[in-house]
**Student:** 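Got a structure for you, questions after.
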Amino acid sequence: MTVLFFAISGFAQGDPAAKKVLDAVSSRFKTFKSVQASFTFKNEDSKGAVLGSKKGTVYMKGSKYRVTINGQEIFCDGSNIWSYDKAANEVTITKLDPSGGSITPQKLFTNFYDQDFLSKMNGEKQVNKKLVQEIEMTPVDKTRTFHKVYLLIDKANKTIYSTRVLDKAGTVFTYTVDNLNSKANLTDAVFLFDKSKYPGVEVIDLR
């Protein structure tokens with residue numbers, strides 16, 4: 001299963017200016033009742049050559065979320081997670097463990113309060129006509145598979161524009177938010193896997 005979002009779950013000591021920006025991003029996101037966002041996932045080698053690019057959509061409402069990308073769909077109703085693989089026509093069901101450090105889209109946007117990263121403000125720049133603030137984050141735990149994370153924050157909207165992750169193997173993963181609708185009208189049914197809509201699907205229940 002492709003990891004769709006890294007859990008950028010916190011920062012330890014670091015730049016007070018970076019903390020102020022992250023606090024503002026988290027506070028703003030928590031005011032959104034429902035969110036629909038389109039994003040682009042890109043991976044590159046250490047020389048900047050693009051190895052692949054995918055587009056996807058994420059839906060969020062409270063603790064619920066749904067992610068669709070490249071033949072994969074992940075549904076979470078706040079308690080259960082359905083991971084659907086279109087090629088195999090197979091869905092795996094697991095329980096959501098809120099205390100287990102699960103990787104969720106919400107963590108990408110909101111949760112910066114653990115002791116996971118050292119943060120540093122790198123300044124401001126223009127990207128695609130947006131004024132963004134760059135924050136460099138270094139994991140405290142050196143056993144992580146990545147050694148740097150760069151966040152670009154849309155200064156005007158106080159939302160995350162992109163997340164760039166530098167893997168220790170030399171690969172660079174970038175998640176860019178192409179469009180964010182903070183007033184999406186999403187029913188709870190959006191976050192439930194409806195078996196009737198996937199004829200012949202094999203269900204693997206690991207709960």
Side-chain angles (χ1 to χ4, degrees), residues 2-32 35-46 48 50-60 65 67 69 101-182:
T2 302
V3 176
L4 301 172
F5 290 91
F6 284 81
I8 310 304
S9 59
F11 68 97
Q13 307 81 23
D15 189 344
K19 180 182 187 305
K20 184 177 179 180
V21 171
L22 294 175
D23 283 349
V25 169
S26 183
S27 295
R28 175 163 170 72
F29 189 82
K30 288 174 180 177
T31 67
F32 301 155
V35 172
Q36 178 178 338
S38 58
F39 65 90
T40 301
F41 166 73
K42 182 173 66 174
N43 61 317
E44 305 165 274
D45 64 19
S46 58
V50 177
L51 303 175
S53 181
K54 305 172 185 177
K55 287 190 175 292
T57 306
V58 58
Y59 308 85
M60 291 172 276
Y65 64 87
V67 179
I69 184 172
S102 300
I103 296 173
T104 68
Q106 287 90 338
K107 285 188 175 181
L108 178 69
F109 291 96
T110 62
N111 190 358
F112 298 99
Y113 297 101
D114 295 335
Q115 301 298 309
D116 293 349
F117 291 88
L118 296 170
S119 61
K120 183 177 72 171
M121 179 69 78
N122 280 350
E124 301 179 356
K125 59 184 177 181
Q126 290 280 341
V127 177
N128 291 333
K129 298 182 181 180
K130 294 180 184 288
L131 180 61
V132 298
Q133 298 165 297
E134 183 178 84
I135 295 176
E136 178 181 331
M137 303 180 79
T138 305
V140 174
D141 182 357
K142 300 306 179 186
T143 64
R144 293 282 186 107
T145 58
F146 54 93
H147 62 90
K148 288 285 184 185
V149 177
Y150 293 92
L151 298 178
L152 292 185
I153 309 298
D154 184 326
K155 187 175 181 179
N157 293 325
K158 295 184 174 61
T159 56
I160 292 179
Y161 172 71
S162 72
T163 303
R164 186 165 169 255
V165 181
L166 277 61
D167 192 285
K168 287 180 178 177
T171 306
V172 179
F173 303 95
T174 305
Y175 301 85
T176 302
V177 177
D178 300 316
N179 180 271
L180 190 149
N181 177 6
S182 61

**Student:** So, using side chain to side chain contact (heavy atoms under 4.5 Å, CB included) as the criterion, who are the partners of Leu166 when residues are at least two apart?
**Tutor:** His147, Lys148, Tyr150, Arg164, Val172
**Student:** Do you know which two heavy atoms are closest between Ala18 and Ile135, and how far apart they sit?
**Tutor:** O-CD1, 3.9 Å
**Student:** Of all the heavy-atom pairs spanning Thr57 and Gln36, show the shortest one and how long it is.
**Tutor:** CG2-CG, 4.1 Å
**Student:** Roughly how far, to the nearest 0.5 Å, is the OG1 atom of Thr176 from the CZ atom of Phe39?
**Tutor:** 10.5 Å
**Student:** For Thr40 and Asp178, run side chain to side chain donor-acceptor pair (under 3.5 Å): C-alpha distance rounded to whole Å, both residues' side-chain angles, the deciding distance at 0.1 Å, then the answer.
**Tutor:** CA-CA 7 Å; Thr40 301; Asp178 300 316; 2.6 Å; yes
**Student:** Say you draw a straight line from CD of Glu136 to CG of Leu118; how long is it, rounded to the nearest 0.5 Å?
**Tutor:** 10.0 Å
**Student:** Asn181: what forms a side-chain hydrogen bond (donor to acceptor under 3.5 Å, both in side chains) with it, not counting sequence neighbours?
**Tutor:** none
**Student:** When rounded to the nearest 0.5 angstrom, what distance separates OG in Ser38 from CD1 in Ile69?
**Tutor:** 11.5 Å
**Student:** In chain order, what residues pass the side chain to side chain contact (heavy atoms under 4.5 Å, CB included) check against Asn43, with sequence neighbours excluded?
**Tutor:** Phe41, Leu51, Thr171, Phe173
**Student:** Counting distance only, does the side-chain N/O of Thr31 pair as donor-acceptor with the main-chain N or O of Arg28 below 3.5 Å?
**Tutor:** yes
**Student:** Please identify each residue that fulfils side chain to side chain contact (heavy atoms under 4.5 Å, CB included) with Asn157, with sequence neighbours left out.
**Tutor:** Asp154, Thr159
**Student:** For the CE atom of Met60 and the OH atom of Tyr65, what is their distance to the nearest 0.5 Å?
**Tutor:** 11.0 Å
**Student:** Holding to ring-ring contact (aromatic ring centres under 6.0 Å, His included), I want the full list of residues that pass it with Phe32, two or more places apart in sequence or in another chain.
**Tutor:** Phe29
**Student:** Show me the donor-acceptor pairs, under 3.5 Å and distance only, between side chains in residues 123-132 and residues at least two apart or in other chains.
**Tutor:**
| unit_1 | atom_1 | unit_2 | atom_2 | d |
| --- | --- | --- | --- | --- |
| Glu124 | OE2 | Lys155 | NZ | 2.7 |
| Lys125 | NZ | Glu134 | OE2 | 3.3 |
| Asn128 | ND2 | Tyr161 | OH | 2.7 |

**Student:** Which residues satisfy the salt bridge (Lys or Arg N to Asp or Glu O under 4.0 Å) test with Asp45, sequence neighbours excluded?
**Tutor:** none
**Student:** In chain order, what residues pass the salt bridge (Lys or Arg N to Asp or Glu O under 4.0 Å) check against Lys158, with sequence neighbours excluded?
**Tutor:** none
**Student:** Atom CG in Leu22, atom CD in Gln133: separation rounded to 0.5 Å?
**Tutor:** 9.5 Å
**Student:** Using the side chain to side chain contact (heavy atoms under 4.5 Å, CB included) criterion, which residues pair with Ser46? Sequence neighbours excluded.
**Tutor:** none
